[in-house]
Every structure is written in C-alpha cells, then in structure tokens.
Amino acid sequence: MSIVTRFPPSPTGYLHIGGARTALFNFLLARKHGGRFILRIEDTDQARSTPEMTQAILDGMRWLGLAWDEGPYLQSERTAIYNDHVEKLLASGHAYYCDCSPEEVDAMRERARAAGLKPKYDGRCRERNLGPGPDRVVRFKTPQTGKIVFDDMVKGTIAWDVQELDDFIIRRADGSPIYQLAVVVDDALMGVTHVLRGDDHQSNTPKQILLYEALGYPLPRFGHVPMILGPDKKKLSKRHGAMSVMAYKEMGFLPEAMVNYLARLGWAHGDDEIFSLEELLEKFSVEGLGRSPSVFDMHKLTWVNSHYIKTSSPERLAPLVAELLTPMLGCAPDEDLVRQVVPLYQSRAKTLREMAEAATFFFVPTVDLTYDAKAVETHLGAEARQHLTALREVLAGITDFSVPALEAAVGAYLNAVSKPFKAIAQPLRVALTGGTVSPGLFETMAVLGKDRVLERLQHAATLIPS
RNA sequence: GUCCCCAUCGUCUAGCUCGGUCCAGGACACCGGCCUUUCACGCCGAUAACAGGGGUUCAAAUCCCCUUGGGGACGCCA
C-alpha cells in the first residue's frame, strides 16, 4: 500500500516550530516509503485566515526543504464538496439542524461544568427535525452509547467513551464547514492513509472516526506526537520567544540544522545526533517517535547549527552571510571577500548572524572602524606604538601576504628585538580589528591584504598619545 | 471540574516490545584541565536520572496496580 500523508496548517499564523516538526515527520513518512505528501491550507475560518500567512507558511516550508507533492489545496475553495457531505449526513440521519444560540449553549456548558460534568451541548434539537434556516447550524448526531477504540501509531491503543462527546457542529450558521468535517472529507477524498499530528488533536480523533464511519469512508492510521514545550514546560507559545521558523533564519540558523534538531525533538535513532535530510529519509520510522512531551532547547539547536556551520563549504555559507551583512553595513559586501572571511569563522561562530557581526571589521573602511576604547587603553601604549611602527615597515617590505610569509616576516622581527609573539599579539590585533577578539592574526592579515593592514597600522598609531 | 495521554541526568534521549549483559549509555548545557597570539575549535575529565509506594518474580528502568506530578482537550478555532 502506498502511503499518503499531509500537513494541514491553518493560515492564522506563521509556520511555527511545532508545525514545522509535524510537517517534517509527515514528509519523512511519505517520502521514505515512496508515497505522497500533501500540503493543504485549512482556511475554513475566513475571519482569521489571511493570504499573507499562507504565503509565510509556504516560505517556511520551502526554506526547510519540505517539498510537497500535491497542493497547496485551499479548503476555502472546496465549500461545495463539504456541503455535499453535510447534505449526505443530514439525509442519512447522522446530522441535524439546530437553532440554539451560542449563548444558550454556553449556559448549558456552564451548568454542566458547575455540576462537575463535562461541558457539553445537551442535544435538545436532536429530534426536532428542523429544516434549514437562518442562524441554524448543523450538528453531528453522536451515538449515545459505545466506545471508540483506535490504535495510535505512537501511543498504542487509545479508547474513548462516546459519552464524552457531544453533538458537535459540522457546519456554521453562515454555511461554512467546521474543521472536524473538512479534515475528514479532505483526508478521505485525497486518499490520506496516515495522519501524524500533534497531541492536541488527540481528542478530535474520536469525533473524526465517527464522521468517517457515518460517511462510509475507510479510516486512516492516526498517530499523535507529543507537544513541544517551552523551558517552563508549558505548551510552546509566543511567550517563549521566536515561534516562526523564519525567525530562526533571521537569527542565523541553517535550515539543515533546524531540520536536524526538529527531527531529534521527539524522535530518536539510537544514539545518533546528526542527520542530513537524506539520512532522515533512510532512518526515520514511527517506532522511533517518543510518547512524552519534549522541551525546546535553544542550546542544543545552537550546537547543531554550529556543527553545520563547521562542516559546510564556504561557498554555501558565503551568500547567506552576505545577506545578513548587507543591512549591517548599509551595502552589499564583496562576495569574494566574504568567501575568504567565512573559513576564519566556521569554528568560531555558532550562528551566521554571529559570524556576520564578528566579521564586520573586515568590511568597513579603516576610517570607519570602531576601536574599542578599553582595548585601545590596555593594549596600545608607547611600547606598542614602537612595535607597530616597526612592524609596518617590515610588512611594507614584503609582497607575499600569505600566512607562512607573514609568519616568517613577523617571526624575524620578533627575533631581532628578542620579544615573544605574545608581546605584540594583542596590540597588533587591536590595531587591525579594533578589538581584542578575532581569528588568528596571520589569517586575518592575509585576508585583510597588504594595503589595509598597512593602513590600519598607521591609523592605529594615531590613536596612541605620544 | 471531566476525559485522554505521558513519566530515565537541568535538557534531548538510548535501554522498556523478548525482565538478568544497566550500581543505567550517548548528546547538549554546566564545571574543571590540556592546547594556545585573543576568541573559538579540538582533546581529556567531572557532576548528574530510572517520580513515590505497593505488588509479580530467583531477578524490574523494563510487567501490573495505586499515588503524585506533567501535558492536552472539553469552541458556530484549527
């Protein structure tokens, strides 16, 4: 049997961490078995759905590399299909019209809650045989006795007493379908065989199973993955900071790092930690999914990201860093220079943004270079001035600015004045970079180039009071 | 409140299906040390968990029950 999965986000928000992980799992499940992965936009709530969010979700999916095979389908364009099904349900006696006002229903729920019972609609319109009319919703006629049992792909057998359910609405008074109806109809019609979704949908499953049965459609397999929690162990939400997957792009995370981290949140394959998308395709299986909620850990995400930064080619990283650098510099940096700078930071930066920020001194003109006052004060004194001036002459005399040549030249100077490298390292660094932290000095000088090195040495000398 | 689900280091987790090989393994973080021109990287090392209580059994992290704790759901949202 061919597997068909889907990811059905609601365009009422961005593609967030939890949604992205669900999408990933569904993508992997389908692709691993040569099946199809469908993207469907659940915008039946016209009041809260926006095209901008749909676009944002698509952008997020693309950034992560989660290519869908079908869709995106828009539920808002399928109203007629849902209505056909509502009519079928009405005709077969599985549904009925109800004219209770929202206030009346609220009151019922309130009473039930006060009595220590589960808040439910009491079914008072069940046998009234109401026809269509304004302000009338359609409710599903939930069986009054029985159990619904299903075998969850991740949690095993789950059972519900049908008495926990009430006659839920399947079509609004304005004629639009409710989620429960729309998902079932679409999943059935689109041939979805496996529904992997968040835990928060677990309680919807019995209702949906009832709908499948009433409609005479075959049931898919359901699987509910636990929620992703914030550091406070509460459901991850905006309170916990960046939720949009694209926000992580802005923060300098690589999509492959995001995918890798997300995959490991709630899923494991032995002790393995690093997975490319290809490896995930090969190793993913629902058996590896965990049953308990997991906490989103920025530290580990960052570590995964630093791993990919270290192992990616400078060619891959350079354009991404340039993109981040542009707004910081006010203009696009020289791509070739970026390519030379990136390797110096691959083991030093944990995010691309960090890399861009740390490397700005390579790109700003010497006159605009910011010198850290504290650094200048502690490292640029009278003695430093002498060394820097002398070093400038030494360096002016060589044409080969390769790392070994620079090492040799500086080494010879140090020998002549019998000083250890330590004596000039920090002054040199401050003079060249404006601060006390940078990649290795010789690499830095090599990339900076002769002209700018001499320029900065001269400029730095002017900062030292004589 | 009612119902559903869950429960191994601070965090992600392996182990649980087929109880012994687990005085519980890996990773991140944290803390030490080494390396060293700064910062990183790298390497070495340390601290750290089977929620509690009952069973079953020769033997339980692994099976059963209860308690506690956590999460989710109870919408004319999805």
Side-chain angles (χ1 to χ4, degrees), chain A residues 8-13 42-45 47-49 75 98 100-102 105-106 109 112-121 135-139 152 154-156 158-161 163-166 168-174 176 178-180 182-183 197-206 224 226-227 229 231 233-235 261 264-274 287-288 290-304 306 310 344-350 358 375 379 410 420-426 428-430 433 435-442:
Chain A
S10 166
T12 53
E42 310 234 316
D43 55 353
T44 53
D45 186 351
R48 298 200 294 177
S49 301
Q75 287 191 326
C98 163
C100 294
S101 70
V105 179
D106 281 348
R109 294 207 168 96
R113 199 183 284 270
L117 301 171
K118 188 156 208 155
K120 296 197 300 187
Y121 168 69
D135 294 327
R136 289 185 184 177
V137 299
V138 175
R139 289 182 181 274
D152 193 281
V154 352
K155 300 190 179 184
I158 294 178
W160 282 74
D161 193 313
Q163 307 216 356
E164 293 300 325
L165 277 27
D166 65 359
F168 54 94
I169 294 175
I170 56 178
R171 186 168 68 192
R172 297 185 182 86
D174 69 4
S176 61
I178 287 287
Y179 163 75
Q180 310 288 5
V183 243
R197 63 206 335 188
D199 229 350
D200 48 344
H201 282 291
Q202 196 167 303
S203 56
N204 286 326
T205 308
H224 294 93
M227 302 276 82
L229 277 25
K233 306 272 182 93
K234 297 284 183 206
K235 186 177 177 178
Y261 176 71
R264 280 287 290 104
L265 240 203
W267 176 80
H269 183 269
D271 286 337
D272 300 347
E273 295 286 354
I274 299 299
E287 284 73 41
R291 306 110 312 200
S292 51
S294 34
V295 175
F296 183 80
D297 182 15
M298 200 62 177
H299 282 300
K300 188 135 185 189
L301 201 214
T302 303
W303 173 76
V304 174
S306 71
K310 271 178 281 198
L344 305 193
Y345 284 96
Q346 283 182 279
S347 67
R348 275 170 250 265
K350 297 189 184 305
H379 295 290
V410 173
F421 185 53
K422 234 178 165 59
I424 64 154
Q426 286 304 72
L428 225 201
R429 174 167 282 114
V430 174
T433 71
T436 55
V437 175
S438 83
L441 279 173
F442 299 110

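Everything quoted here is computed from the prediction, not taken from an experiment. We name chains A, B, ... by the order of the sequence lines, and we start the count at 1 in each one.
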Between [options], which nucleotide gets closest to the side-chain atoms of [X]?
X: A:Ser292; options: B:U13, B:C6, B:C4; value: B:C6
X: A:His299; options: B:A29, B:A73, B:C5; value: B:A29
X: A:Asp271; options: B:A78, B:C5, B:G25; value: B:G25
X: A:His201; options: B:A27, B:C76, B:A78; value: B:A78
X: A:Arg291; options: B:C4, B:A14, B:G72; value: B:A14
X: A:Arg109; options: B:C76, B:C3, B:A27; value: B:C76

Just how far, in rounded Å, is [atom2] of [N] from [atom1] of [X]?
X: A:Phe296; N: B:A29; atom1: CZ; atom2: P; result: 15 Å
X: A:Phe168; N: B:A78; atom1: CZ; atom2: P; result: 13 Å
X: A:Lys118; N: B:C3; atom1: NZ; atom2: P; result: 8 Å
X: A:Leu265; N: B:C12; atom1: CG; atom2: P; result: 8 Å
X: A:Lys120; N: B:C76; atom1: NZ; atom2: P; result: 15 Å
X: A:Asp43; N: B:A78; atom1: CG; atom2: P; result: 10 Å

Quiz item: Residues two or more places apart in sequence or in another chain: which of them pass side chain to side chain donor-acceptor pair (under 3.5 Å) with A:Lys310?
Solution: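 With neighbours one apart ignored, the set is empty.
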
Can you check the distance between [N] and [M], where both ends of the measurement are the [atom1] atom (answer in whole Å)?
N: B:C34; M: B:G71; atom1: P; value: 44 Å
N: B:G52; M: B:U8; atom1: C1'; value: 15 Å
N: B:U21; M: B:U68; atom1: C1'; value: 33 Å
N: B:A61; M: B:A7; atom1: C1'; value: 12 Å
N: B:A27; M: B:C5; atom1: P; value: 35 Å
N: B:G25; M: B:A14; atom1: C1'; value: 7 Å
N: B:A29; M: B:C43; atom1: P; value: 13 Å
N: B:A48; M: B:G55; atom1: C1'; value: 30 Å

Quiz item: Atom NE2 in A:His269, atom CZ in A:Arg264: separation rounded to 0.5 Å?
Solution: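 Rounded to the nearest 0.5 Å, the NE2-CZ separation comes to 11.0 Å.
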
Exercise. Calculate, to the nearest 0.5 Å, the distance between atoms CZ and NZ belonging to A:Arg291 and A:Lys155 respectively.
Key: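 Interatomic distance, A:Arg291 CZ to A:Lys155 NZ, rounded to 0.5 Å: 10.0 Å.
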
Mind checking who [N] pairs with, Watson-Crick or G-U wobble, both distances under 3.5 Å?
N: B:U68; value: B:A7
N: B:U2; value: B:A73
N: B:C30; value: none
N: B:A46; value: none
N: B:C58; value: B:G20

Quiz prompt | Residue closer to the 5' end of RNA chain B, A:Pro8 versus A:Val295 (nearest nucleotide) | solution =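 Nearer the 5' end of the strand: A:Val295.
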
Do any N or O atoms of the protein come closer than 3.5 Å to N or O atoms of nucleotides 68-71 of chain B, and which pairs are they?
residue, atom, partner, partner atom, Å
B:G71, OP1, A:Lys234, NZ, 2.6

Base, sugar-phosphate alone, or nothing: which one does [X] contact when heavy atoms must sit under 4.0 Å apart?
X: A:Pro226; value: nothing
X: A:Asp106; value: nothing
X: A:Glu42; value: sugar-phosphate
X: A:Ser306; value: nothing
X: A:Cys98; value: nothing
X: A:His269; value: nothing
X: A:Ala159; value: sugar-phosphate
X: A:Ala268; value: sugar-phosphate
X: A:Ile169; value: base

Self-check item: Set of ring pair (Phe, Tyr, Trp, His ring centres under 6.0 Å) partners for A:Phe168, sequence neighbours left out
Solution: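 Scan of A:Phe168 (ring pair (Phe, Tyr, Trp, His ring centres under 6.0 Å), adjacent residues dropped) gives A:Phe140.
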
Quiz item: Among all residues two or more places apart in sequence or in another chain, which pass the ring pair (Phe, Tyr, Trp, His ring centres under 6.0 Å) test with A:His201?
Solution: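 Once residues adjacent in sequence are excluded, the partners of A:His201 under the ring pair (Phe, Tyr, Trp, His ring centres under 6.0 Å) criterion are A:Tyr179.
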
Are [X] and [N] close enough that a side-chain N or O sits under 4.0 Å from OP1 or OP2?
X: A:Ser294; N: B:U13; result: yes
X: A:Arg113; N: B:C3; result: no
X: A:Thr44; N: B:A78; result: yes

State, yes or no, whether a side-chain contact exists between [X] and [Y] at a heavy-atom distance under 4.5 Å.
X: A:Thr44; Y: A:Ile178; answer: no
X: A:Val137; Y: A:Cys98; answer: yes
X: A:His224; Y: A:Thr205; answer: yes

With sequence neighbours excluded, what pairs up with [X] under the side chain to side chain contact (heavy atoms under 4.5 Å, CB included) test?
X: A:Asp45; answer: A:Ala47, A:Arg48, A:Arg172
X: A:Asp106; answer: A:Arg109
X: A:Ala425; answer: A:Phe421, A:Leu441

Exercise. Could you run through nucleotides 35-48 of chain B and give me one letter per nucleotide, 5' to 3': B if any protein heavy atom sits under 4.0 Å from the base, S if only the sugar-phosphate is that close, - if neither?
Key: --BBBBSS------

Can you give me the N/O atom pairs linking the protein to nucleotides 60-66 of chain B at distances under 3.5 Å, or say none if there are none?
none

Quiz item: Is the backbone of A:Pro293 close enough, under 3.5 Å, to the side chain of A:Lys233 for a donor and an acceptor to pair up by distance?
Solution: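 Between the backbone of A:Pro293 and the side chain of A:Lys233 there is no qualifying donor-acceptor contact (under 3.5 Å).
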
Practice problem: Just jot down the salt bridge (Lys or Arg N to Asp or Glu O under 4.0 Å) partners of A:Asp174, sequence neighbours excluded, or say none. | Solution: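 Scan of A:Asp174 (salt bridge (Lys or Arg N to Asp or Glu O under 4.0 Å), adjacent residues dropped) gives none.
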
Quiz item: By salt bridge (Lys or Arg N to Asp or Glu O under 4.0 Å), which residues pair with A:Arg139, not counting sequence neighbours?
Solution: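 With neighbours one apart ignored, the set is empty.
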
Sequence neighbours excluded and cut-off under 3.5 Å, please list the side-chain donor-acceptor pairs for residues 294-302 of chain A, or say none.
residue, atom, partner, partner atom, Å
A:Asp297, OD1, A:His299, N, 3.1
A:Lys300, NZ, A:Glu273, OE1, 3.2
A:Lys300, NZ, A:Glu273, OE2, 3.4
A:Thr302, OG1, A:Met298, O, 2.7

Exercise. Compare every heavy atom of A:Gly435 with every heavy atom of A:Arg429, then report the nearest pair and how far apart it is.
Key: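 Shortest heavy-atom separation between A:Arg429 and A:Gly435 comes out as CG-O, 3.4 Å.
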
